[in-house]
Protein chains: 2
Amino acid sequence: MTRASAKAATIHEIAKRAGVSIASVSRALNGKPGISEGLREHILAISREIDYRPSAAARQLISGKAAVVGISLGRKDIELRPYYILLYQHLTLALHRQGMVPVFFAHDQTARLPDSAGAAILLGEFPGDAREAWLGERQVPCVRVGESPSGFSVGLDERHGLYLATRHLVERGRRHIVFVGGELASPHKHLRLMGYRDALHEAGLEERLLSLPHEVVDASLTSYRYLNRWLVSLGKASTEPGHDLAFDNLPFDALACATDELALGCLAALEDHGIGVPQQVAVTGFDDLPTLADQLTTVRQDIEAVAERAVVLLGEALAGKPAQHVTLPVELMVRQTS
Amino acid sequence: MTRASAKAATIHEIAKRAGVSIASVSRALNGKPGISEGLREHILAISREIDYRPSAAARQLISGKAAVVGISLGRKDIELRPYYILLYQHLTLALHRQGMVPVFFAHDQTARLPDSAGAAILLGEFPGDAREAWLGERQVPCVRVGESPSGFSVGLDERHGLYLATRHLVERGRRHIVFVGGELASPHKHLRLMGYRDALHEAGLEERLLSLPHEVVDASLTSYRYLNRWLVSLGKASTEPGHDLAFDNLPFDALACATDELALGCLAALEDHGIGVPQQVAVTGFDDLPTLADQLTTVRQDIEAVAERAVVLLGEALAGKPAQHVTLPVELMVRQTS
DNA sequence: CTGAAAGCGCTTACAG
DNA sequence: CTGAAAGCGCTTACAG
């Protein structure tokens with residue numbers, strides 16, 4: 001990439017450099033027939049050289065419709081989460097940089113998508129999710145954010161992420177590490193569970209799950225309630241009547257949570273029971289949500305990179321290139337809760 | 001609005017109908033000088049009649065840059081809420097219909113906004129919010145969603161909304177109605193509190209507040225914890241030892257919550273204490289969040305209409321018209337919690 | 001295979 | 001105040 005020139009290079013610039021007409025340049029750039037391979041190669045090389053970017057506006061003007069990308073959301077209860085807000089923001093930005101216009105679609109409006117959008121980014125998979133197949137039938141190029149058995153997709157190394165978090169807890173001397181997660185049926189959550197298991201088995205420790213219900217109004221509230229309930233029952237079972245909380249000998253010393261939101265709920269419950277973090281119990285999350293997770297030891301995913309890659313892949317899908325899956329790395333952020 | 005025609009009307013269509021040149025149409029549409037008021041009115045009328053929508057592509061092609069609208073967010077802890085996700089979606093849609101491109105900005109990146117965006121929509125006001133003044137100085141037209149002392153803005157009848165909810169509780173025979181709200185410093189939350197007071201005073205009842213802290217990771221979790229704490233203390237104060245919950249004689253019979261999320265937390269706390277809703281305690285919310293508030297008696301705000309109006313106002317701001325504030329009505333939705 | 005030209009919808013100097 | 005014309009960057013018949 002050369003320096004950002006004052007004026008973006010146009011098709012004319014390429015034509016001039018190649019000594020051909022703009023028609024040929026257009027044909028070469030768009031993979032249209034009716035041009036010799038040699039010339040095409042030459043033109044493509046020049047366009048790469050000067051970092052040519054087509055004008056979305058001009059293309060729209062001709063085609064009569066904007067390069068609208070439908071962002072198809074997941075189920076309502078899932079999509080209303082902080083993580084998605086961040087993803088929206090970055091997708092919007094990344095699409096705009098490519099001259100594309102983002103428009104949101106609820107997942108159950110997928111049928112209306114092909115009318116107004118020429119491509120789609122699929123978010124929030126769920127059991128029985130038929131959007132990808134449906135769009136595929138209608139030849140709408142699309143990219144999925146998350147794991148996908150086929151087609152274009154960009155995902156995270158979820159399994160490795162929870163492995164890192166759990167191994168970190170082991171390294172800190174924790175021996176009774178509980179996995180806190182809901183929706184274990186959900187594919188990527190399941191991957192996180194597997195990462196937890198990887199680390200536990202490696203250390204020869206036994207697994208223990210705090211499994212949360214599937215339908216959830218609020219992840220933090222849910223994890224709070226479940227952990228609280230557990231702690232209350234532990235207190236009741238204690239031998240000291242009156243002083244209902246005997247947490248000197250907790251059956252766990254760490255909570256590896258599937259998301260930051262779950263971790264936040266757990267932290268609140270521990271706090272309300274006067275349990276020291278990380279002294280008595282260490283807590284880890286996943287996502288690294290800004291502001292909310294500032295204190296939390298967690299697995300950072302680069303949401304901006306996810307959005308960026310999704311848009312790049314969408315470009316390839318539109319160009320008819322073969323499908324591919326990209327897995328982005330994650331990073332352990334050690335902070336104050338472990 | 002006429003039926004969606006196969007081909008969108010262009011400036012030529014208007015010119016033909018008005019019997020003028022496209023140049024005059026363009027001038028009229030863009031509020032440019034050099035055209036008689038009579039002609040301008042006439043052209044504007046026709047354009048309204050045929051529901052003319054300018055081609056963003058054509059405009060971009062000329063200006064060299066897209067009609068980017070910066071959507072400036074509020075503070076992180078506020079913006080990561082379901083309400084904002086819904087607002088984003090509708091704003092994106094509404095902007096797209098007008099050929100504008102949405103791009104998100106964190107509130108602390110407002111300084112970077114004028115470089116890439118020609119207008120802005122401001123979300124999530126907060127104490128010391130200087131964005132509006134800052135953009136005003138730099139002549140960036142903007143519209144605020146929420147109350148605003150000056151400039152363009154679109155808000156809700158918040159005060160009337162909570163008045164409606166509270167009056168409804170009174171009509172249902174409730175006499176000890178608690179207002180549950182956080183951030184009472186926030187302008188629009190304060191309006192909701194005032195609506196609550198209006199209804200209570202009208203009924204000659206005494207007010208009682210459950211005031212939540214300002215900095216909140218999660219609204220539902222926070223209201224849950226505070227209500228739970230209160231209920232536990234009530235139980236402890238009871239005369240029946242062992243059976244620590246004596247809720248036959250609660251000091252309140254209704255909770256008027258400032259948001260749906262707060263209401264959801266309260267419902268969870270009541271449920272965990274075995275308190276019947278609405279038999280023993282009625283609960284109301286505000287916002288009518290999809291899915292989350294399906295069972296809740298709440299005050300519905302039309303988020304789509306808010307987005308729509310914001311975009312219309314932005315158009316007027318761009319056209320240099322005088323600032324105005326629009327207040328949208330709200331509606332009481334009586335459901336199962338009251 | 002290659003090029004000259006028209007045209008997508010709009011704005012804006014430039015003439016009247 | 002009003003209009004004819006050029007041009008934004010690109011695609012696509014239409015001729016060679």
Side-chain angles (χ1 to χ4, degrees), chain A residues 5-44 46-47 50-68 98-101 118 318-319, chain B residues 5-44 46-47 50-68 96-101 118 315 318-320:
Chain A
S5 41
K7 265 189 190 325
T10 71
I11 208 180
H12 289 97
E13 172 69 14
I14 301 178
K16 202 169 70 183
R17 295 205 188 201
V20 297
S21 73
I22 59 165
S24 292
V25 175
S26 175
R27 283 190 273 260
L29 255 21
N30 296 294
K32 299 261 164 161
I35 185 173
S36 66
E37 257 331 292
L39 220 200
R40 160 166 283 140
E41 288 301 317
H42 184 209
I43 288 172
L44 253 25
I46 292 177
S47 102
I50 64 177
D51 192 30
Y52 168 76
R53 288 161 187 259
S55 154
R59 284 187 167 164
Q60 289 173 216
L61 192 52
I62 292 161
S63 68
K65 54 183 187 179
V68 173
Q98 294 304 315
M100 296 169 150
V101 178
L318 282 164
Chain B
S5 40
K7 262 188 190 329
T10 72
I11 208 180
H12 289 97
E13 172 70 12
I14 300 178
K16 202 170 71 183
R17 294 204 189 202
V20 299
S21 72
I22 60 164
S24 292
V25 175
S26 175
R27 282 189 274 260
L29 255 22
N30 297 295
K32 299 259 165 163
I35 186 172
S36 67
E37 257 330 294
L39 221 199
R40 161 167 284 140
E41 289 300 317
H42 185 208
I43 289 173
L44 254 24
I46 292 175
S47 100
I50 64 176
D51 192 29
Y52 167 75
R53 286 157 190 263
S55 155
R59 284 186 167 164
Q60 288 174 218
L61 191 52
I62 293 162
S63 68
K65 55 183 186 178
V68 174
H96 175 242
R97 276 195 287 269
Q98 294 303 313
M100 295 167 151
V101 178
L318 283 164

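Naming convention: chains lettered A, B, ... in sequence-line order (proteins, then strands); numbering from 1 in each chain.
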Expressed as a whole number of angstroms, how long is the span from [X]:[atom1] to [N]:[atom2]?
X	N	atom1	atom2	result
I11(A)	dT12(D)	CD1	P	11 Å
I35(B)	dG3(D)	CD1	C1'	11 Å
I22(A)	dA5(C)	CD1	C1'	9 Å
I14(B)	dT11(C)	CD1	C1'	14 Å
R53(B)	dC10(C)	CZ	C1'	17 Å
L29(A)	dG9(D)	CG	C1'	12 Å
E37(A)	dC1(C)	CD	P	9 Å
E13(A)	dG9(D)	CD	P	12 Å

Side-chain N or O of [X] versus OP1/OP2 of [N]: is the shortest distance under 4.0 Å?
X	N	answer
S36(A)	dC1(C)	no
S24(B)	dG3(D)	yes
K32(A)	dT12(D)	yes
S55(B)	dG9(C)	no
T10(B)	dG9(C)	no

Between [X] and [Y], which heavy-atom pair has the shortest distance, and what is it?
X	Y	answer
I43(A)	A18(A)	CG1-CB, 4.3 Å
A28(B)	L44(B)	O-CD1, 3.8 Å
H12(A)	I22(A)	CD2-CG2, 3.4 Å
T10(A)	Y52(A)	C-CE1, 3.7 Å
S24(A)	I35(A)	O-CD1, 3.5 Å
I14(B)	I50(B)	CG1-CD1, 3.7 Å

Report, one pair per line, the protein and nucleotides 13-16 of chain D atoms (nitrogen or oxygen only) whose separation is under 3.5 Å.
none

message: With rounding to the closest Å, how many angstrom separate the C1' atoms on dT12(D) and dG16(D)?
response: 16 Å
- request: Ignoring the backbone of V20(A), work out which of dG3(C), dT11(D), dT11(C) is nearest its side chain.
  value: dG3(C)
- prompt: Of the nucleotides dC10(C), dG3(C), dT11(C), which one has an atom closest to the side chain of S21(A)?
  reply: dG3(C)
field: salt bridge (charged side-chain N to carboxylate O under 4.0 Å, His left out) partners for R27(B), two or more places apart
entry: none
- prompt: Under 3.5 Å, side chain of R17(A) to main-chain N/O of S47(A), donor-acceptor pair present?
  reply: no
- request: On DNA chain D, check which nucleotide each of A58(B) and G34(B) is closest to and give me the residue with the more 5' one.
  value: G34(B)
- request: Provide the Watson-Crick or G-U wobble partner of dG3(C), both distances under 3.5 Å; none if there is no partner.
  value: dC14(D)
